Every structure is written in structure tokens, then in C-alpha cells.
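A note on names: the letters A, B, ... follow the listed sequences, proteins ahead of strands, and every chain is numbered from 1. Since this is a predicted model, take the numbers as computed values, not measurements.
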2 protein chains.
Amino acid sequence: MNAVNKDVQLFKNHLVQKRLKLTRQRETILEAFLKTDHITAEELYRKLSGRKQGRRLALATIYRTLNLLCEIGIGQQRHFDDNKTIYDNVLHKKHHDHLICNKCDKIIEFESPAIERLQEEMATRHGFTLHHHRLELYGHCIDWENCRDRQRAAPR
Amino acid sequence: MNAVNKDVQLFKNHLVQKRLKLTRQRETILEAFLKTDHITAEELYRKLSGRKQGRRLALATIYRTLNLLCEIGIGQQRHFDDNKTIYDNVLHKKHHDHLICNKCDKIIEFESPAIERLQEEMATRHGFTLHHHRLELYGHCIDWENCRDRQRAAPR
DNA sequence: ATATATTTTGAGAATCAGAATCAATATCAA
DNA sequence: TTGATATTGATTCTGATTCTCAAAATATAT
């Protein structure tokens with residue numbers, strides 16, 4: 001059993017636990033989601049609508065399933081500068097923050113224990129107990145080899 | 001001429017520069033905005049709609065003027081966890097990040113050169129040139145004296 | 001001050017991502 | 001196979017914000 005199948009199994013177990021049903025749509029969406037790193041509902045919809053089989057998924061089903069994945073902990077919603085929710089496949093990731101290229105929309109994940117420490121210190125200094133945080137760094141790739149094309153929808 | 005009048009003057013100069021007109025509505029909105037620290041369009045609308053004078057401002061005008069203030073640099077849009085745009089009166093502020101109480105919606109501003117330095121370092125390490133960033137710390141006030149009531153609209 | 005050109009306003013329609021509704025369909029356990 | 005329950009797709013709805021456009025206001029030239 002390879003890694004992906006293991007993940008699918010994990011998902012199925014969750015469904016059983018929650019008394020939810022395993023449907024063709026959920027399998028399709030999960031499978032596609034696991035192959036990506038970050039994706040929007042719209043992008044996933046376009047990707048799955050194109051398939052020959054003629055199996056059309058409703059956008060609403062994509063949203064529902066993606067949100068289900070988030071409940072289960074396989075995905076996490078992100079809200080970067082554009083106003084579309086990006087679903088982050090966090091199945092094999094630990095906590096991380098993001099570096100986003102404004103030119104090509106590349107998303108790089110990083111972690112910085114040093115920054116986290118300073119954040120905690122800041123919170124404490126102001127009498128706060130921290131629940132979560134959001135750190136996003138926006139800029140652009142210096143290295144043009146990897147920053148040529150806009151990956152998401154082009155702006156008008 | 002006190003500080004606020006000076007700010008109003010600054011605004012008027014900007015209008016002249018941009019060949020825009022000084023209207024009663026713009027004055028009203030500016031004046032109210034300058035008295036706040038952070039506010040949403042909706043909140044400002046409610047605040048200004050309640051006045052006796054019977055002068056009703058359209059919500060659209062609030063949005064337009066608030067956005068104008070942002071263009072001029074007097075305000076800045078923020079997007080925290082709820083999906084309403086918060087307009088930050090930054091007239092006499094320098095760059096800062098935010099600490100937000102999930103319980104009472106209090107917003108505390110802070111700056112941390114140490115964190116900024118680490119962010120730059122992170123960006124460089126990944127071959128990025130930074131344009132801007134977003135750092136928001138969410139949690140709750142420990143000190144209950146100052147964290148009693150929800151300030152913004154209560155969640156349903 | 002008056003006319004004229006230009007901008008702004010208010011009211012409501014449009015937009016857009018995402019959630020809700022609901023009848024028809026699919027899944028699953030007995 | 002049945003029947004209870006969950007899910008789907010199609011569509012409508014929502015809520016924040018922007019857009020449209022005729023009417024009103026402001027600035028500028030006379």
C-alpha cells in the first residue's frame with residue numbers, strides 16, 4: 001500500500017467514524033486534492049470538470065468536500081491577498097507560514113521558531129494568550145527561471 | 001489650529017491636487033474617521049446615520065470616501081479573521097502589526113524590529129524580495145477588566 | 001453673482017465567493 | 001432487497017463591496 005492509498009484509507013476511516021458515506025464524488029475530490037499542494041475550489045472544479053468520463057461535479061460539492069477535509073484535518077483554509085480561499089493540503093506538513101510571490105503566485109512554506117518565539121513574547125508583553133497567528137510575506141522571486149508565469153487566474 | 005484641523009487641511013489639499021471636490025459628506029466622514037482608530041464601513045455608517053440633522057449618507061459614499069482616504073494614505077485596509085474590511089486610521093502611525101482579541105475584538109498595535117529582521121532573512125533565504133507582509137496574532141486578553149464585551153457585531 | 005462644466009451623490013442593481021435549500025439519487029446496514 | 005439516512009446537483013440566497021446613472025452639488029470661467 002503506497003502513501004497515497006494510506007491517506008485515502010485514513011479518509012475512509014474518518015468517514016466511518018462520523019457516519020458519513022463514501023461517494024464517488026468524495027473519492028474523486030480527495031484523490032485530486034492529495035495530488036496538489038495548494039488549490040482553490042474553483043481550480044479543482046475546473047480540473048475535475050474537464051475529464052472525459054462525463055462525470056460532472058457540482059461546485060457546491062467541491063466546497064462541501066474541501067470543507068470536510070478541513071474538518072478532518074487533511075486540509076486548511078488560507079486567505080492570502082486575493083479574495084479566494086486557498087485550500088492547503090497539510091496532510092504531511094507541520095505548522096508553517098507562507099512566502100507568496102506577487103508575480104507568479106508561487107507559495108513557499110517556511111517555519112521560523114525564532115519568529116514564533118518573538119510572537120509569543122509580544123503577546124505576553126501585551127497580556128494576551130495566543131490562539132493562532134497569520135504570517136504572510138509577499139514579494140517576488142529574484143530567480144527568474146522559476147518565476148515566469150502567473151499560475152493562477154491573470155488579473156484583468 | 002489644532003491637530004485635527006491640520007489633518008483636515010491636509011485632506012483638503014489632497015482633494016485640490018487631485019481635482020476632487022470638497023463635499024459635506026466627505027467632511028463628515030473624514031471628521032468621524034479621524035476620531036477613530038479602526039472602523040468598518042458599516043460601523044461608520046451606523047454611527048453617522050444616527051445623527052439628528054437628518055443628513056443621511058449612503059453606504060456607498062462611506063465606502064468611496066474610505067477608499068479615497070486609503071489612496072491618500074490617511075487610511076489602510078486590514079482584513080482580519082472576520083470578512084469585513086477594517087479601515088485603520090494610520091495618519092499618525094508608523095508601520096505596525098496587530099494583536100487581536102478573539103473575545104472582545106480589541107486590536108492592539110505593536111512593532112517588532114526583531115521580527116521584521118527575521119522576516120527579511122527568511123525572504124532572502126528563499127530568494128525573495130519583500131514588498132509587504134501581514135502579521136496578525138490572535139488570542140485573548142488575560143486581563144478581564146479590559147476584555148468584557150464584544151465590541152463588534154456578535155457572531156450568531 | 002451666474003452660467004457652465006465637471007464631479008459627486010443616493011438608491012438600487014450588480015457582483016462574486018461561498019453557503020443554504022431541497023427534491024432526486026446514492027449509500028449502507030439489516 | 002429494503003428502508004433509513006446522507007449526499008448530490010441545480011438553483012437560489014447571502015453579505016460585503018462595487019457599479020450605474022440620473023439628479024444634485026461644487027468649482028471654474030464669465
Could you give the CZ-to-C1' distance, from B/Arg24 to C/dG10, as a whole number of Å?
-> 11 Å
Along DNA chain D (nearest heavy atom to each residue), the more 5'-positioned of A/Lys21 and B/Leu22 | A/Lys21
Using modelled atom types only, decide if a donor and an acceptor are shared between the side chain of A/Arg26 and the backbone of A/Lys21 within a distance under 3.5 Å.
-> yes
Measure the distance from NZ on A/Lys12 to P on C/dT27 and round it to the nearest whole Å.
-> 13 Å
Using a cut-off of strictly less than 4.0 Å, decide whether A/Tyr63 has a side-chain nitrogen or oxygen near OP1 or OP2 of C/dA19.
-> no
Within the structure, does a side-chain N or O atom of B/Thr23 lie under 4.0 Å from either OP1 or OP2 of C/dT9?
-> yes
Rounded to whole Å, the CG-C1' distance (A/Asn67 to C/dG18) equals 9 Å
A/Leu20 CG to C/dA26 P: how many Å, rounded?
-> 19 Å
How would you give the extent of chain A contacts on DNA chain D, as first and last nucleotide 5' to 3' within a 4.0 Å heavy-atom cut-off?
-> D/dT5 to D/dG9
Grab the CZ-P distance between B/Arg56 and C/dG12 for me, whole Å please.
-> 13 Å
To the nearest 0.5 angstrom, please state how far the CD atom of B/Glu43 sits from the CG atom of B/Leu48.
-> 11.5 Å
Are A/Phe80 and A/Phe110 connected, step by step, through hydrophobic side chains (Ile, Leu, Val, Met, Phe, Trp, Tyr) whose heavy atoms are closer than 4.5 Å?
-> no
Classify the nucleic acid contact of A/Leu59 as base, sugar-phosphate or nothing, counting any heavy atom under 4.0 Å across all strands shown.
-> nothing
Can you check whether B/His79 and A/His79 have ring centres sitting under 6.0 Å from each other?
-> no
Check the distance between C/dA17's P and A/Ile86's CD1 and give it to me in whole angstrom.
-> 13 Å
Atom pair distance, as rounded to whole Å: CD in B/Glu27 and P in C/dT9 | 12 Å
For atom CD of A/Gln77 and atom P of C/dG18, their distance in whole Å = 8 Å
Does the side chain to side chain donor-acceptor pair (under 3.5 Å) test come out yes or no for A/His133 and A/Gln119, once each step is laid out?
-> CA-CA 9 Å; A/His133 69 259; A/Gln119 286 175 354; 3.2 Å; yes
Within the structure shown, what part of the strands sits under 4.0 Å from B/Arg64 by heavy-atom distance: base, sugar-phosphate, or nothing?
-> base
A/Val8 reachable from A/Leu91 in the ILVMFWY side-chain graph, under 4.5 Å edges | yes
Hey, which sits more toward the 5' end of DNA chain C by its nearest nucleotide, A/Glu42 or B/Gln25?
-> B/Gln25
Kindly state whether the ring of A/Tyr138 and the ring of B/His132 have centres lying under 6.0 angstrom apart.
-> yes
